[in-house]
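See structure below.
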There are 2 protein chains.
Amino acid sequence: MATDERILDLAERLVQTRGFNGFSYADIAASLGVTKASLHYHFPAKAELGRSLIVRYESNFLAALAAIKAQGAVQRLKRYAGIYADVLRDGRMCLCGMLAAEYATLPKAMQKELKHFFEENERWLAQVLEEGRRSGELEFAGAPREVASFLVSSLEGAMMLARSHDQVSRFTSVARRLIEELST
Amino acid sequence: MATDERILDLAERLVQTRGFNGFSYADIAASLGVTKASLHYHFPAKAELGRSLIVRYESNFLAALAAIKAQGAVQRLKRYAGIYADVLRDGRMCLCGMLAAEYATLPKAMQKELKHFFEENERWLAQVLEEGRRSGELEFAGAPREVASFLVSSLEGAMMLARSHDQVSRFTSVARRLIEELST
DNA sequence: GTCTATAGGTGGATAGAC
DNA sequence: GTCTATCCACCTATAGAC
């Protein structure tokens with residue numbers, strides 16, 4: 001595999017488990033078996049590595065959403081929550097949920113990409129919600145966009161607490177409850 | 001005011017805005033107008049400072065909960081969410097929500113105190129939920145304890161995203177929705 | 001309690017050889 | 001692309017004078 005990708009893979013896991021301020025080039029270098037200096041050839045500054053991390057993550061995430069071709073809105077929401085659950089079962093936090101906590105300390109470029117991730121994430125969700133309500137499969141008050149933001153917030157928070165308690169069930173319980181509440 | 005308390009005040013704000021790995025003794029020393037060495041007289045190690053931070057925060061938080069003498073369950077829940085909202089309006093994250101994100105990098109002693117905070121927090125909530133359901137003021141499926149964990153997760157997550165978007169309304173909207181859903 | 005001074009380590013980052 | 005060597009800033013922490 002391309003070295004750039006392997007670096008991103010290791011860095012991604014580190015951010016998801018320890019945060020952007022919780023890892024260093026030394027950590028990646030040790031796992032990869034190269035020197036820190038080599039890493040700077042691929043990603044000159046840590047800020048650039050961080051930005052690339054978000055861009056790639058968003059791209060993969062949106063591709064996963066686009067691949068959800070389930071029949072109904074409820075099924076799509078379950079698949080959506082399932083993506084989070086899979087990450088959690090691997091012992092990780094959502095990359096962007098983790099970065100949201102560290103938001104104030106992040107380089108400007110990373111903050112911008114982060115907002116974009118949530119923007120696109122909620123756009124997809126709002127679309128599913130709107131279609132589901134129109135077809136009568138879902139029921140909720142207010143704008144789809146507001147409910148989308150509600151869902152993202154709750155799932156990210158549940159993921160964070162489930163991970164620190166080492167109980168995936170804390171997440172799945174929340175996800176089930178959220179979707180049930182929207183179903184007619 | 002006692003120096004210990006002033007140090008804790010400054011450290012608390014720093015953790016709530018930048019995280020435990022996002023500040024140093026130098027930051028506190030600068031704000032307080034003393035040297036880093038002086039801080040070590042009060043809190044020999046950063047891990048001890050962090051532990052004291054959680055202990056004091058939990059103590060103040062539980063005292064605030066105990067002071068909620070509102071008439072009904074719904075009013076109590078609104079006051080509960082209001083505590084979070086006030087912190088957020090001050091530009092801060094919940095201390096323990098922030099630390100939950102950094103959980104994997106925290107000293108063992110801090111991890112233990114953190115779990116205790118959420119334990120007590122959810123215990124209080126579960127009590128309110130149970131009473132509210134018994135009196136018919138609230139309606140929900142499943143164990144009160146499970147709903148309590150759901151509420152904490154969702155509020156912490158909403159707080160985190162509201163802060164990174166610099167939109168308090170993202171939090172208040174979620175809080176309103178959660179409480180409305182429980183009301184009969 | 002607070003200071004100066006300093007230790008010992010790690011952080012991100014660069015120059016230049018291979 | 002990867003290495004050695006190195007820089008400098010910053011980190012947590014301690015010793016010992018005042």
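Per chain, numbering begins at 1; letters A, B, ... match sequence-line order. Since this is a predicted model, take the numbers as computed values, not measurements.
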What nucleotide, of [options], holds the atom closest to the side chain of [X]?
X	options	answer
B:Thr35	D:dT2, D:dT4, C:dT4	C:dT4
B:Val34	D:dC11, D:dT2, C:dC3	C:dC3
A:Ser38	C:dA13, D:dT14, D:dT2	D:dT2
B:Tyr41	D:dT2, C:dT2, D:dA5	C:dT2
B:Lys36	D:dA13, D:dT4, D:dG1	D:dA13

How long is the line joining [atom1] of [X] and [atom2] of [N], in whole Å?
X	N	atom1	atom2	result
B:Glu48	D:dA13	CD	C1'	15 Å
A:Ile7	D:dT2	CD1	P	7 Å
A:Arg18	C:dT10	CZ	P	13 Å
A:Leu14	C:dG11	CG	P	12 Å
B:Leu32	C:dG1	CG	P	13 Å
B:His42	C:dC3	NE2	P	9 Å
B:Lys46	D:dC10	NZ	C1'	12 Å
A:Leu39	C:dA13	CG	P	11 Å

By the 4.0 Å heavy-atom rule, please label A:Phe43 as base, sugar-phosphate, or nothing.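 Here A:Phe43 touches no strand at all.
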Could you check whether B:Tyr25 gets within reach of a base, just the sugar-phosphate, or nothing at all, counting any heavy atom under 4.0 Å?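 Here B:Tyr25 touches the backbone only, sparing every base.
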How far apart are the closest heavy atoms of [X] and [Y], and which atoms are they?
X	Y	value
B:Ile68	B:Tyr80	CD1-N, 3.9 Å
B:Lys46	B:Phe23	NZ-O, 2.9 Å
A:Ala81	A:Ile179	CB-CD1, 4.4 Å

Looking at B:Glu139, I want to see if its CD is surrounded by more than 12 non-hydrogen atoms of other residues, nucleotides or ligands under 6.0 Å.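 Counting other residues, nucleotides and ligands, CD of B:Glu139 stays at 12 neighbours or fewer.
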Comparing A:Ala47 with B:Gly33, nearest DNA chain C nucleotide closer to 5' gives the residue B:Gly33
Can you tell me if B:Ser38 and B:Thr35 form a side-chain donor-acceptor pair at under 3.5 Å?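 Yes - a donor-acceptor pair under 3.5 Å links their side chains.
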OP1 or OP2 of C:dG11 sitting under 4.0 Å from any side-chain N/O of A:Ser24?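 Yes, A:Ser24 has a side-chain N/O under 4.0 Å of OP1/OP2 on C:dG11.
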